[in-house]
Structure formats: structure tokens, C-alpha cells
Protein chains: 2
Amino acid sequence: MLRLSKLTDYAVVVLLAMAERVPEPASAGVRTSPCLAGATGVPEPTVAKVLKALSAAGLVASLRGARGGYRLMRPLEEISVADVVTAVDGPIALAACIEGAASPCEVHHSCAAKGQWQLVNDAVCAALGAISLADMREAAVPPLLRPSGRPVTSLPFSQIAE
Amino acid sequence: MLRLSKLTDYAVVVLLAMAERVPEPASAGVRTSPCLAGATGVPEPTVAKVLKALSAAGLVASLRGARGGYRLMRPLEEISVADVVTAVDGPIALAACIEGAASPCEVHHSCAAKGQWQLVNDAVCAALGAISLADMREAAVPPLLRPSGRPVTSLPFSQIAE
DNA sequence: AGCAAACAGGACTTCACAAGTCCGATTAGG
DNA sequence: CCTAATCGGACTTGTGAAGTCCTGTTTGCT
Ligand code: SF4
Ligand code: SF4
């Protein structure tokens with residue numbers, strides 16, 4: 001069905017919630033896991049898990065100890081969907097012969113399309129990297145699809161790959 | 001990991017194998033399941049399963065009876081990756097709030113990004129629909145990515161949706 | 001007419017990954 | 001120095017894909 005992980009979906013929701021609501025400026029945008037859980041409706045442990053992956057990827061910073069929490073580092077205009085996907089679900093590798101090792105595809109020796117998925121993979125990465133979270137937030141879906149050639153964030157592929 | 005179904009991968013491999021090798025022109029390009037299994041290295045039952053899905057979607061035609069087999073209907077210049085994905089894995093629906101029902105997303109009532117995935121979904125559909133199997137075959141991956149604005153097949157979205 | 005080859009369709013079993021849950025380590029605060 | 005609140009990682013469970021198999025139907029060949 002080509003569905004991305006539900007964790008990734010929740011990650012976007014949580015990030016949008018983090019940026020949207022800043023009622024207490026005293027904390028400088030620091031939000032705790034239960035706070036975000038209550039704001040989004042996602043169960044707390046799941047939110048915590050998502051935040052862990054995001055902090056490991058460097059998208060959000062974690063402040064430990066009492067009065068701690070999470071704080072997003074970059075404005076969400078500079079966070080692409082590809083960043084969130086790679087942070088939560090790992091690198092984007094549609095087939096088994098891209099670079100996501102551990103499964104050398106048991107028929108790779110007699111496969112005519114061995115490295116050809118790279119083209120599709122790059123196209124998907126570009127499509128996901130061209131959409132920022134800010135676009136998703138204010139997306140009233142104006143046309144049916146934008147001209148598809150406008151790189152909103154235009155982040156290099158090396159960043160996506162790693 | 002954002003991996004597409006392995007069946008989809010095999011479907012592309014099988015389609016390429018069907019088009020590539022035509023040693024006996026007497027059959028007009030008709031290939032049997034065990035023949036394709038031997039040519040690709042994929043186990044026969046899996047090949048049969050893939051072919052069934054492809055014939056159900058109308059990408060290949062099936063000739064029953066002895067001396068039967070499968071024959072691809074369109075030249076693979078006119079078959080996009082999105083067609084194969086939708087034929088094998090069903091419609092492309094990244095999140096649970098696109099149109100792939102059966103799972104209304106238990107937090108949809110308090111989700112700020114309810115319909116925003118549609119933008120990303122359309123972008124992915126466009127990216128997958130702009131690449132044909134012929135592009136994959138002769139893809140020596142010339143640059144790193146093509147200008148991303150050239151619709152190779154330019155099939156309408158309605159075809160992707162259904 | 002009878003037989004063999006090949007597809008159609010479904011059901012079943014197996015298994016890996018994701019989803020969700022839990023408790024321990026760490027740190028700011030009092 | 002102690003407490004409290006939080007992050008961090010490890011664990012258990014469930015769902016869905018992947019793969020296999022079987023039976024019925026159709027067609028060509030002998
Ligand atoms: S394209 Fe070929 S080698 Fe690559 S994962 Fe698919 S079957 Fe394996
Ligand atoms: S975007 Fe919101 S409503 Fe849509 S699937 Fe994700 S959590 Fe559910």
C-alpha cells in the first residue's frame with residue numbers, strides 16, 4: 001500500500017504542534033512529552049518514542065532534568081518531510097539494492113534491474129525534500145499540485161542520504 | 001524504512017524480463033510463469049502471484065490453456081512505476097487520511113495536519129508517474145537526477161488514483 | 001475423445017518488523 | 001544532599017506482508 005510508518009506521521013503532527021502553540025514564552029518553546037501528548041491526542045509513550053528519534057537525528061534538542069523537555073532547533077520552514085522520514089524510519093531505500101544493506105536481495109546476481117531503482121529513489125527523495133513542514137501547515141492544497149519544479153528548501157542530497 | 005513491497009520490486013523485474021528477451025518470435029512475446037521464474041531467479045509461485053496482480057490491473061494479458069502464458073499489453077515506455085505500484089500494492093496512500101479508508105486514524109479529530117498529507121502524496125505520485133520502465137532499463141543514471149520537471153509519460157492523476 | 005500443460009482464484013502458514021509499553025540512568029532544582 | 005521530573009534504551013506484543021500450496025477451469029495437442 002506504500003504507506004509510510006505511522007511513527008513518521010505522528011512525528012509530523014508533533015512537530016507541527018510544537019511550533020504552533022507557544023502560550024508560555026518563559027520556557028523558550030520547551031515542551032514536555034505529556035504536554036504534547038495532550039495537545040495532539042497521541043498516547044504519551046508514542047510521543048516520547050517519536051521525540052527520541054527526532055532528538056537522535058538532531059531535529060529537536062532535549063533538555064534533561066526537571067523542567068526539561070524538547071525544543072525544536074530549526075524553524076519548520078527549514079525542515080523537509082524527507083528529514084522527518086529519515087529521522088524516524090531510517091534512510092529512504094525503496095528496494096534492497098540501494099545502500100540499505102543487511103539484505104543483499106537473494107536474487108541480485110541475476111537481476112536485470114539491479115541498480116535501476118536508484119533513479120526512482122532519487123526522485124522520491126527529491127519530491128519529499130522539496131516540501132517543508134511549513135508548506136504542509138499552510139497547505140490549503142491551493143491547486144491540485146504545484147508546478148513540481150520549485151525546490152522549497154532545496155537541501156542537498158547528501159543531507160538526505162545521511 | 002519507507003520500503004515498497006518486495007512484490008512490487010519483483011513485478012518490475014518480471015516486466016523488464018518479459019520485454020527484454022524475445023528469442024522465439026513465434027509466440028508473439030508470450031511467456032509462461034516458470035520461464036520467467038527461471039530467467040529472473042525469483043521463485044515460481046511468487047512470479048505467479050505477481051503476474052496475477054498485474055493481469056488483474058490490465059498491465060499484462062493472460063492466455064489460458066496449454067501454450068498459454070502472459071503477454072504485456074503496452075510497450076514499457078508507457079508503463080510508469082506508479083502503475084506497477086498501484087497494481088501490486090494498491091493505491092498510494094502514505095497516511096491514513098488520504099482515501100485509503102478502513103483506518104480513520106484514531107486521532108483524526110484533534111489532528112492539526114489532517115488533510116495536509118495530500119500534498120506530499122500527490123508529489124510522490126507525480127514523481128513515480130514521471131518515470132517509465134523504459135527509463136529504468138536504460139538508466140545508466142546519467143546525471144544524478146533529471147531536471148525533475150520533465151513528465152516522461154505524463155499520465156493523468158485519475159489513472160493513478162484508480 | 002482423452003491427456004497434459006498452464007492459468008485463475010483462493011486459503012493457509014510462517015515470519016519479520018512495527019507499535020506500544022515498561023523500567024533504569026541522568027540531571028536540574030530546592 | 002535529596003527529590004522530582006525527565007530522557008534513554010530495552011522489552012513484549014500484535015499486525016500485516018511474504019511465501020507456499022491446493023483445486024478448478026481452459027486450451028492445445030495426441
Ligand atoms: S532491483 Fe533486483 S537486485 Fe535490486 S532489490 Fe529488486 S530484485 Fe533485488
Ligand atoms: S495526518 Fe493526522 S489525521 Fe492524518 S493520518 Fe496522520 S494523525 Fe491521522
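Taking all atoms of both residues into account, the shortest heavy-atom contact from A/M18 to A/R31 is O-NH1, 4.1 Å. What you find for A/A130 and A/D135 is that their closest heavy atoms are O-OD2, 4.2 Å.
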Query raised in the report: With the sugar-phosphate defined as primed atoms, P, OP1 and OP2, and the base as all remaining atoms, what B/S/- string results for nucleotides 24-30 of chain D, 5' to 3', for protein heavy atoms under 4.0 Å?
Result: BBBBS--

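A 4.0 Å heavy-atom criterion places the boundary nucleotides of DNA chain C facing chain B at C/dA5 to C/dA18, written 5' to 3'.
When each of A/L15, A/L76, A/I131, A/I79 is checked for a side-chain contact (heavy atoms from CB on, under 4.5 Å) with A/M136, only A/I131 meets the rule.
Within the 4.0 Å cut-off from OP1 or OP2 of D/dC7, at least one side-chain nitrogen or oxygen of A/S33 is found.
Rounded to a whole Å, the CZ atom of A/R31 is 19 Å from the P atom of D/dA5. Note: CZ (B/R3) to C1' (D/dG16) measures 15 Å, nearest angstrom.
Counting only distance, with no hydrogens or angles, the side chain of A/E77 and the backbone of A/A134 share no donor-acceptor pair below 3.5 Å. The backbone N or O of A/L4 lies less than 3.5 Å from no partner atom in the side chain of A/T8, so there is not a single donor-acceptor pair.
Taking A/S5 as the reference, A/D89 meet the side-chain hydrogen bond (donor to acceptor under 3.5 Å, both in side chains) condition, with sequence neighbours excluded.
Remark: A/K52, A/S55 in residues 43-59 of chain A come within less than 4.0 Å of DNA chain D through at least one heavy atom.
Using a 4.5 Å cut-off on side-chain heavy atoms (C-beta onward), B/D122 and B/W117 make no contact. Here the side chains of B/Y70 and B/V14 are not in contact, with every heavy-atom distance at 4.5 Å or above.
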Listing, residues 91-98 of chain A side-chain donor-acceptor contacts under 3.5 Å, not counting sequence neighbours, or none:
none

Per-pair distances, 0.1 Å, donor-acceptor, side chain in residues 41-64 of chain A, under 3.5 Å, sequence neighbours excluded:
unit_1, atom_1, unit_2, atom_2, d
A/S55, OG, A/L51, O, 3.4
A/S55, OG, A/K52, O, 2.8

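Annotation: of the two residues near DNA chain C, A/D89 and B/P34, the 5′-most nearest-nucleotide partner is B/P34.
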